[in-house]
J.: 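Handing you this structure, nothing more for now.
Owing to the predicted nature of the structure, the values given are computational and were not obtained by experimental measurement. We use all heavy atoms of the structure for the numbers below, so side chains are in, but hydrogens, waters and symmetry mates are not. Count residues from 1 along the sequence.
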Amino acid sequence: MTQNRTLSLILPAFGAAIITALAQIIIGAVPITLQTFAVGLVAAILKPREATLAATLYLILGAIGLPVFAGGGGGLQTFFGPSAGYLLAYPFFAFVTSKLTHTETPIWKNFLAFVLGDALVFVGGILSLHFLGKMGWSAAVAVGLTPFIIPDLIKGLIVALVTKPVLKVLKNHSYFN
């Protein structure tokens, strides 16, 4: 097995571990986690296939009951609750963000890629709040989007700023070229 093939198998697990670890960090009274930060960072560093697999593996680990979600949550029931759409959008977030970023991407494009991917998470979240949480559209937006706009823009900016230096360090490995 070649070194790149081995990495393409290991990196999704490593990405899922990063998402799991950062999901446990909760900031503020309105629970703001670093899950989206982690998904965006993993997506900006890994290739689309591995980034999407990392986010999907994270969801699978949570679905089988491991305490990987925010606050140590886990279990299949999570995917039937009002916040399920946020989680289910993570693989799409990872794919879109990863597809739009690479080693030569300027910081503003990395930021835009994060924002576009993150927007998919909010669409999923608002849909699940509306349909599974039985909220009206305006209530779903007020609860599921509005409080998180500024924090997520800050997360996106940090991801955009750290991606280039991280990739610069990793550039000597053929996977990251």
J.: Flag the pair Thr97 / Leu116 as yes when at least one side-chain heavy-atom distance between them is below 4.5 Å, and no otherwise.
T.: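 Result no, sub-4.5 Å side-chain heavy-atom pair not found.
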J.: Using a 4.5 Å cut-off on heavy atoms from C-beta on, say whether the side chain of Thr163 contacts that of Leu41.
T.: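 Contact flag for Leu41/Thr163 side chains = yes.
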J.: So do Asp152 and Phe122 actually touch side chain to side chain, heavy atoms under 4.5 Å?
T.: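 Yes, their side chains come closer than 4.5 Å.
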J.: For residues Leu153 and Leu157, determine if any side-chain heavy atom of one lies less than 4.5 Å from a side-chain heavy atom of the other.
T.: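 Counting from C-beta outward, Leu153 and Leu157 never come under 4.5 Å.
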J.: Please lay out, stage by stage, how Leu132 and Phe80 fare under the test side chain to side chain contact (heavy atoms under 4.5 Å, CB included).
T.: CA-CA 7 Å; Leu132 297 174; Phe80 298 99; 5.7 Å; no
J.: Are Leu57 and Leu53 side-chain neighbours, meaning at least one heavy-atom pair lies under 4.5 Å?
T.: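 Leu57 does not reach Leu53 side chain to side chain.
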J.: Are Val68 and Leu76 linked, directly or through other ILVMFWY residues, by side chains that come within less than 4.5 angstrom of each other?
T.: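 Same cluster.
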J.: Okay, side chain of Ser98, backbone of Ile45: is any donor-acceptor separation there less than 3.5 Å?
T.: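 Not confirmed, Ser98 side chain does not pair with Ile45 backbone.
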J.: Could I get the full list of side chain to side chain donor-acceptor pair (under 3.5 Å) partners for Thr36, not counting sequence neighbours?
T.: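 Only Lys155 meet the side chain to side chain donor-acceptor pair (under 3.5 Å) criterion with Thr36.
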J.: Would you say Phe79 has more than 12 foreign heavy atoms packed within less than 6.0 Å of its CZ?
T.: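 Atom CZ in Phe79 is crowded, with more than 12 foreign heavy atoms closer than 6.0 Å.
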J.: I'd like to know if the side chain of Thr33 and the backbone of Ala70 have a donor-acceptor N/O pair within less than 3.5 Å.
T.: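 No, Thr33 side chain to Ala70 backbone: no donor-acceptor pair under 3.5 Å.
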J.: For residues Thr101 and Lys109, determine if any side-chain heavy atom of one lies less than 4.5 Å from a side-chain heavy atom of the other.
T.: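 Thr101 vs Lys109: side chains apart.
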J.: How far does CZ of Phe148 sit from CD1 of Ile154, to the nearest 0.5 angstrom?
T.: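 Going from CZ on Phe148 over to CD1 on Ile154, the span is 13.5 Å.
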J.: So, for Leu120 and Ala89, which heavy atoms are closest and what is the spacing to 0.1 Å?
T.: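 Closest heavy-atom pair between Leu120 and Ala89: O-CB, 3.5 Å.
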J.: Under 4.5 Å between any side-chain heavy atoms of Leu129 and Tyr86, yes or no?
T.: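 The answer is yes; the side chains approach within 4.5 Å.
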J.: Sort out for me which residue in Leu59, Thr20, Leu61, Ile19 forms a side chain to side chain contact (heavy atoms under 4.5 Å, CB included) with Phe69.
T.: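 When side chain to side chain contact (heavy atoms under 4.5 Å, CB included) is applied between Phe69 and each of Leu59, Thr20, Leu61, Ile19, only Leu59 qualifies.
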J.: State which residues pass ring-ring contact (aromatic ring centres under 6.0 Å, His included) with Phe131; sequence neighbours excluded, sorted by chain then number.
T.: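 Phe131: ring-ring contact (aromatic ring centres under 6.0 Å, His included) contacts with Trp137.
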J.: I need the Leu170 CG to Lys168 NZ distance, nearest 0.5 Å.
T.: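 NZ of Lys168 is found 12.5 Å from CG of Leu170.
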J.: Examine Val141 and Leu127 and state if one hydrophobic cluster contains both, with Ile, Leu, Val, Met, Phe, Trp and Tyr joined whenever side-chain heavy atoms are less than 4.5 Å apart.
T.: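 Per the 4.5 Å side-chain linkage, Val141 and Leu127 are co-clustered.
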J.: Please find the pair of heavy atoms, one from Ala94 and one from Ala51, that lie closest to each other, and give the distance.
T.: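 Reported closest heavy-atom pair: CB-O, 3.5 Å.
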J.: Considering all heavy atoms of both residues, which atom of Pro147 and which atom of Ala142 are nearest to each other, and what is their separation?
T.: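 Looking at all heavy atoms of both residues, the shortest contact is CD-O, 3.2 Å.
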J.: Would you say Val162 ends up clustered with Ile27 if hydrophobic residues are merged whenever their side chains have heavy atoms under 4.5 Å apart, either directly or through other cluster members?
T.: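 Yes; Val162 is reachable from Ile27 via cluster members.
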J.: With sequence neighbours left out, which residue pairs that include part of residues 49-58 fulfil the side chain to side chain donor-acceptor pair (under 3.5 Å) condition?
T.: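 As it turns out, the side chain to side chain donor-acceptor pair (under 3.5 Å) pairs with a partner in residues 49-58, which skip direct neighbours, are Gln35-Tyr58, Glu50-Tyr175.
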J.: Could you tell me which non-hydrogen atom of Gly72 sits nearest to which non-hydrogen atom of Pro67, and how far apart they are?
T.: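 It is O-CB, 3.1 Å.
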J.: Which one of Val115, Leu167, Thr105, Leu161 satisfies the side chain to side chain contact (heavy atoms under 4.5 Å, CB included) criterion with Asn110?
T.: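 Exactly one option meets the side chain to side chain contact (heavy atoms under 4.5 Å, CB included) with Asn110, and it is Thr105.
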J.: Let me check something: do Ile149 and Met135 share a hydrophobic cluster, defined by ILVMFWY side-chain heavy atoms less than 4.5 Å apart, either directly or through other members?
T.: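 Yes, one cluster joins them.
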J.: Once you round to the nearest 0.5 Å, how far does CD1 of Ile158 lie from CG of Leu34?
T.: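 That separation rounds to 8.5 Å.
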J.: Hey, quick one: are Phe14 and Ile60 part of the same hydrophobic cluster, counting side-chain heavy atoms closer than 4.5 Å, chains of contacts allowed?
T.: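 Per the 4.5 Å side-chain linkage, Phe14 and Ile60 are not co-clustered.
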J.: Taking side chain as C-beta onward, heavy atoms only, is Phe114 less than 4.5 Å from Leu100?
T.: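 Side-chain contact under 4.5 Å: no.
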J.: In Å, rounded to the nearest 0.5 Å, how long is the span from CD1 of Ile18 to CG of Leu11?
T.: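 The CD1 atom of Ile18 sits 9.0 Å away from the CG atom of Leu11.
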J.: What pair of heavy atoms forms the shortest contact from Gly85 to Ser128, and how long is it?
T.: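 Smallest heavy-atom distance, with atoms named: N-OG, 3.1 Å.
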J.: Strictly distance-based, threshold 3.5 Å: is any side-chain N or O of Thr78 a donor or acceptor partner for the main-chain N or O of Gly75?
T.: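 Side chain of Thr78 to backbone of Gly75, a donor-acceptor pair under 3.5 Å: yes, one is there.
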J.: Write down the atom of Phe111, the atom of Gly156, and the distance for their closest heavy-atom approach.
T.: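 Minimum heavy-atom contact is CD1-C, 3.5 Å.
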